[in-house]
K.L.:
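The structure is given below, and queries will be raised subsequently.
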Amino acid sequence: MSAGRHERIKYLSYSDIEEITGYLGNFKVRVRQRARYVNEKECNACGECVKVCPVVVPDEHQFGLGVRKAIYMPFAQAVPSAYLIDMKSCLGNNPIACGKCKEVCEKKCVNYDDYDKFVEFEVGVVIVATGMDVYDPSGRRQNPKSQIQNLIEENPKSQILPQMRDPEESGTTYPGKEERGEMKDERGQRREERWERGEENEGEYGYGRYENVITSMEFEILTGPGYMTKGELLRATDRRVPKSIGFIQCVGSRAVKRGGNAYCSNICCMNTVKDTLYLKEHYPDMDAKVFYMDMRAFGKGFEDLYRRSQALGVKYIRGVPGDIEEDAETHNLVLTVEDTTSGKIERHNLEMVVLSVGVVPRIDGDGVQKLLSISTTGDGFYMEAHPKLFPVDAPTSGIYLAGCSEAPKDVKDSVTQASGAVGRAETILSQERVKIEAITAKVIPELCKSCGICENVCPFHAISVDRKNKKPAVIIEAVCKGCGTCAAECRFGAIEMSHFKDEYIIAMIDAMLEDKPNEKIVAFACNWCSYAGADTAGLSRIQYPPTARLIRTMCSGRVDEKFIWHAFKKGAPVVLLSGCHFADCHYINANRWAQRRVEGMW
Amino acid sequence: MQKQNMLPQSHQDTKVHKVKDNKDNGIRVGVFVCECGFNIAGTVDCDELTEWSRGLPGVVVSIKNKYTCAEPGQAEIRRYIKEEGLNRVVVASCTPRMHGATFRNCCEDAGLNAYLFEMANIREQCSWVHLGDKQGATDKAKDLVKMAVARVTLLEAQKELEVPVTKAALVIGGGIAGIQASLDLADAGYPVYLVEKEPSIGGIMAQLNKTYPTMD
């Protein structure tokens, strides 16, 4: 943890970003440092407070496989090396109730009246390394919302793609399900019946019901030397080391039909190989089996590890178990699996089963996403500017991505990408001045009637209008991000977008529809999800009829209804206006204005 | 860059094209059609497209290259800007997300404002999505070039705002990626603010017992 000592790094742990404004080279940041109730600088981590604290709660760091006190340090090597109080479980300042830690602290670090502090600073670049969450097979928690779910939530009347809804959603206590009762599919109905019978709470492969089914993260805690079992892999039911163990791969990954995610989580195959090597090192006689779809040992040196694991006697069985049962007496587990290499149905009796769980995007990741207007790809991870040429740049200049925020990756790849992001960031930081794009809105004062609509719609508050004194609107160029919503909303033509003026767009429509207009689709595409999405279709060679021609604008908010009318007048049979998903607009909510405008057309 | 140097000269269309005079309004557009090897030429009839583009209003020269983004292709753009006084450039090739910056820089190098350049995306949004429909793809490519020419003709030069750079960085997230990024930035001499929502940095890796491939 050499990061703990670097003089140029300022740590703001236990902190949330409240606000980020500005642009490339000049971001203003406001951070809320949550109260720790223990003075982080003075605390010398003597641990006396923990000894006297009477409150014992499950430890989130150990996934509940251990306990901590209400005053605690997350783990032994924590940085900063200081205690904090979890106020939700602390008995508090009331001397009758407790106050023991305060009494015992010699350095007087404990302060029950501590409060959140705000820190403000300016930076030139932002590196987003918000990481990942681990797939939860318990069925308790919803997976992070997919784009589709977002869309449906935004627009409950939406009738689109009912088959793409999360089957979990339609049957459980998801709010508003009555309204959308007609959307329920058969599976959802069956689930609901099970729910009523009280059977719904079961996780995948009996996780949560059978205690000897654990996840790969819990495996780490059970084998970690610093935790409850002191590094011994013990079964929960009888506190002994299992004689046989099975790993089930792709839990939550490559598993659309099983209610999981479509993508490969990248790390789980090698993580299991690593786990088996660890087991063979510590418990050479343990019988280890791995049930897989495909083993993906694609990295440098990975194939060697895989072969070593096989050579040590770990059995790799190609087939994903269909069923798991527990022997009520021994609490052993019986897996039923079709070995796809032999085509036979086999039953395996195992004392412990590890679910090799996948990686999911940060469940609370949309906070940072909204602050920085980062888009996500369909899988929910943050979108890079270009999958090949700018894999660490976010589409917005001055923001770079590192680690699992962009896609599931292992330690080595995370470190590599982090250094890559720093390299990209230094192309900005090493300069005294940088150029920012010249696509901004400009007011034509003679035409402005000071009505204030532009001020209202600007997502970035870059426009101010003095309505009282009838002074024309003023735009702060450096704050304007160039979405063009104001230009489209202005009823008097008093705002023009440089590089995306009305006449440029009209000229493109005219050029497109000069001949055979009735055979063409005029498609307005925002620069981000829509134009980039059309590019992705090209990269994936998704074929479609050559009837549509795209007109790129920075944001769908730029598309004035007069462009649409113009296209119809010129004979276009269909006009498509495409913007980002509502939650993903690069200009906060400018696409909403586009939607409103179009809906107002008829 | 290596790929560009390896290109044999014969791949470049070296014959000199007739440059028209545009007497109307002083607008002189150059259209540069890219074959992108077979990526575009395999579906879009680039010869026909190039020929046809020459007839568009304002276009004084229209030529085709095997790879316009390669140095010989760029050199040709620069040469036509300088020698033939092009004041608008259209490159019909891939998406501007791929090579927009390449060509903008190329124009700037030859003294043409980067905002007087426009791309027609005839690869990602044409040849790659209409494989096997040569006629349809070629017709669409013509429209895309025509639209780009219509737009570029009207475009105005823009001056980019120069802003000072605050020499500090914000790193959001104190997992292994965030820590590595912070250390690298700090070692390079920049102040770093590392914001972590949990009480300690370390992220998920702090919960792992062993990590591959080093098994420690």
Side-chain angles (χ1 to χ4, degrees), chain A residues 3 6 8-16 25-26 29 31 74 78-79 84 122-131 220 223-224 270 274 278 301 368 386 402-403 411 414-415 418-419 421-422 429 431 433-436 438 498 503-504 507-508 511-512 534-535 537-538 541 543-544 546 549, chain B residues 95 97-98 115 124-125 128-130 133 136-137 140 143-144 146-147 150-151 154 158-173 175-186 188 190-197 199-201 203 205-213:
Chain A
H6 208 295
R8 276 188 289 270
I9 303 178
K10 179 162 174 58
Y11 296 91
L12 296 162
S13 60
Y14 213 37
S15 300
D16 301 308
N26 300 273
V29 189
V31 173
V79 175
L84 74 154
E122 285 181 29
V123 293
V125 295
V126 180
I127 292 183
V128 180
T130 45
E220 295 291 333
T223 52
M270 285 314 294
K274 174 210 81 180
Y278 176 83
V368 169
H386 189 277
V411 174
S414 295
V415 169
S419 294
V422 170
L429 289 176
Q431 295 181 63
R433 301 176 74 78
V434 285
K435 285 181 175 170
I436 54 172
S498 45
E503 54 258 44
Y504 305 168
M508 288 178 88
M512 184 199 307
D535 283 349
R541 308 295 192 275
Q543 302 296 302
Y544 53 85
R549 281 109 176 90
Chain B
T95 167
R97 279 157 32 91
M98 179 123 181
Y115 287 80
E124 279 83 347
Q125 295 179 9
W128 277 354
V129 286
H130 311 311
D133 183 359
K140 179 169 170 179
D143 269 2
L144 293 176
K146 191 179 183 183
M147 288 156 68
R151 174 173 153 83
L154 298 172
Q158 306 283 343
K159 204 172 156 9
E160 286 173 334
L161 197 65
E162 268 203 6
V163 293
V165 175
T166 310
K167 302 216 171 215
L170 164 67
V171 177
I172 309 175
I176 184 66
I179 292 173
Q180 180 68 35
S182 304
L183 283 172
D184 282 0
L185 282 163
Y190 302 106
V192 179
Y193 297 90
L194 174 54
V195 177
E196 165 61 50
K197 70 173 176 181
S200 168
I201 58 170
M205 198 179 158
Q207 290 169 299
L208 303 180
N209 175 28
K210 302 267 177 195
T211 53
Y212 65 86

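Throughout, a chain's letter reflects where its sequence line sits, starting with A, and its residues are numbered from 1.
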K.L.:
Tell me, out of A/V125, A/V128, A/V434, who's got the most heavy-atom pairs with chain B below 4.5 Å.
P.N.:
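With the most close heavy-atom pairs to chain B, the winner is A/V434.
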K.L.:
Examine distances only and state if a side-chain atom of A/R8 and a backbone atom of B/A186 form a donor-acceptor pair shorter than 3.5 Å.
P.N.:
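Yes.
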K.L.:
Examine whether an atom of A/A421 lies under 4.5 Å from a heavy atom of chain B, and if so say whether it belongs to the side chain, the backbone or both; otherwise answer neither.
P.N.:
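Interface part for A/A421: neither.
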K.L.:
Can you tell me how far apart CD1 (A/I9) and CG (B/L185) are? Round to the nearest 0.5 Å.
P.N.:
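A/I9 CD1 to B/L185 CG: 8.5 Å, rounded to 0.5 Å.
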K.L.:
Identify which of B/Q158, B/H130, B/Q180, B/E162 forms the greatest number of heavy-atom pairs closer than 4.5 Å to chain A.
P.N.:
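So the answer, after comparing B/Q158, B/H130, B/Q180, B/E162, is B/H130.
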K.L.:
State, without any angle test, whether A/N26 and A/E122 hold a side-chain donor-acceptor pair at a distance under 3.5 Å.
P.N.:
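There is no such pair between these side chains.
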K.L.:
Name the member of A/K10, A/M512, A/M508, A/R541 that forms the most heavy-atom pairs with chain B at distances under 4.5 Å.
P.N.:
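So the answer, after comparing A/K10, A/M512, A/M508, A/R541, is A/R541.
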K.L.:
If you count heavy-atom pairs under 4.5 Å between each of A/A534, A/G301, A/G403, A/A537 and chain B, which one has the most?
P.N.:
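Of A/A534, A/G301, A/G403, A/A537, A/A534 has the most heavy-atom pairs under 4.5 Å with chain B.
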K.L.:
Contact part of B/D184 toward chain A, heavy-atom cut-off under 4.5 Å: side chain, backbone, both or neither?
P.N.:
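Both parts, backbone and side chain.
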K.L.:
Under 4.5 Å from any heavy atom of chain A, what part of B/L144 do you find: side chain, backbone, both or neither?
P.N.:
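Looking at B/L144, just its side chain touches chain A.
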K.L.:
Give me the atom names and distance for the closest heavy-atom approach of A/S414 to B/I176.
P.N.:
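Answer, listing the atom of A/S414 first, then B/I176: CB-CG2, 4.0 Å.
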K.L.:
Quick one: closest heavy-atom pair of A/Q431 and B/V165, and the distance?
P.N.:
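Taking A/Q431 first and B/V165 second, the nearest heavy atoms are O-CB, 3.5 Å.
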K.L.:
Examine whether an atom of A/L84 lies under 4.5 Å from a heavy atom of chain B, and if so say whether it belongs to the side chain, the backbone or both; otherwise answer neither.
P.N.:
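The side chain, not the backbone.
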K.L.:
Which bit of A/V31 comes within less than 4.5 Å of chain B, counting heavy atoms only: side chain, backbone, both or neither?
P.N.:
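The side chain, not the backbone.
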K.L.:
Heavy atoms only: give me the nearest B/M147-A/A511 pair and the separation to one decimal.
P.N.:
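For B/M147 and A/A511, the tightest heavy-atom pair comes out as CA-CB, 3.9 Å.
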K.L.:
Do you know which of B/V163, B/L154, B/T95 has the most heavy-atom pairs under 4.5 Å to chain A?
P.N.:
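Among the listed options, the one with the most contacts to chain A is B/V163.
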K.L.:
Side chain, backbone, both or neither: which part of A/V415 has a non-hydrogen atom closer than 4.5 Å to chain B?
P.N.:
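Backbone plus side chain of A/V415, per the 4.5 Å heavy-atom cut-off to chain B.
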K.L.:
Out of B/A169, B/G178, B/G136, which one racks up the most heavy-atom pairs below 4.5 Å with chain A?
P.N.:
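Answer, by heavy-atom pair count under 4.5 Å with chain A: B/A169.
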K.L.:
So which of B/M205, B/K159, B/K146 has the largest heavy-atom pair count under 4.5 angstrom toward chain A?
P.N.:
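Highest number of heavy-atom pairs under 4.5 Å: B/K146.
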K.L.:
Run the side chain to side chain donor-acceptor pair (under 3.5 Å) test against A/E220 and tell me which residues pass, sequence neighbours left out.
P.N.:
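With sequence neighbours excluded, A/E220 shows a side chain to side chain donor-acceptor pair (under 3.5 Å) to A/K274, given in chain and number order.
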K.L.:
Are A/D16 and B/K197 within salt-bridge range, i.e. N to O under 4.0 Å?
P.N.:
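B/K197 and A/D16: not salt-bridged.
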K.L.:
Using the rule given for side-chain contact (heavy atoms from CB on, under 4.5 Å), can you reason through B/E160 versus B/Y115, listing the C-alpha separation, both sets of side-chain angles and the distance that settles it, and then say yes or no?
P.N.:
CA-CA 10 Å; B/E160 286 173 334; B/Y115 287 80; 2.9 Å; yes
K.L.:
So for A/V29, is it side chain, backbone, both, or neither that comes closer than 4.5 Å to the heavy atoms of chain B?
P.N.:
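When you check distances to chain B, only side chain atoms of A/V29 fall under 4.5 Å.
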K.L.:
Just so I understand: if I count every heavy-atom pair under 4.5 Å between each of B/P164, B/P199, B/G175 and chain A, which residue has the most?
P.N.:
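The candidate making the most pairs under 4.5 Å is B/P199.
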K.L.:
Does the pair A/V123 and B/V192 meet the rule for a side-chain contact (heavy atoms from CB on, under 4.5 Å), with working shown?
P.N.:
CA-CA 9 Å; A/V123 293; B/V192 179; over 6 Å; no
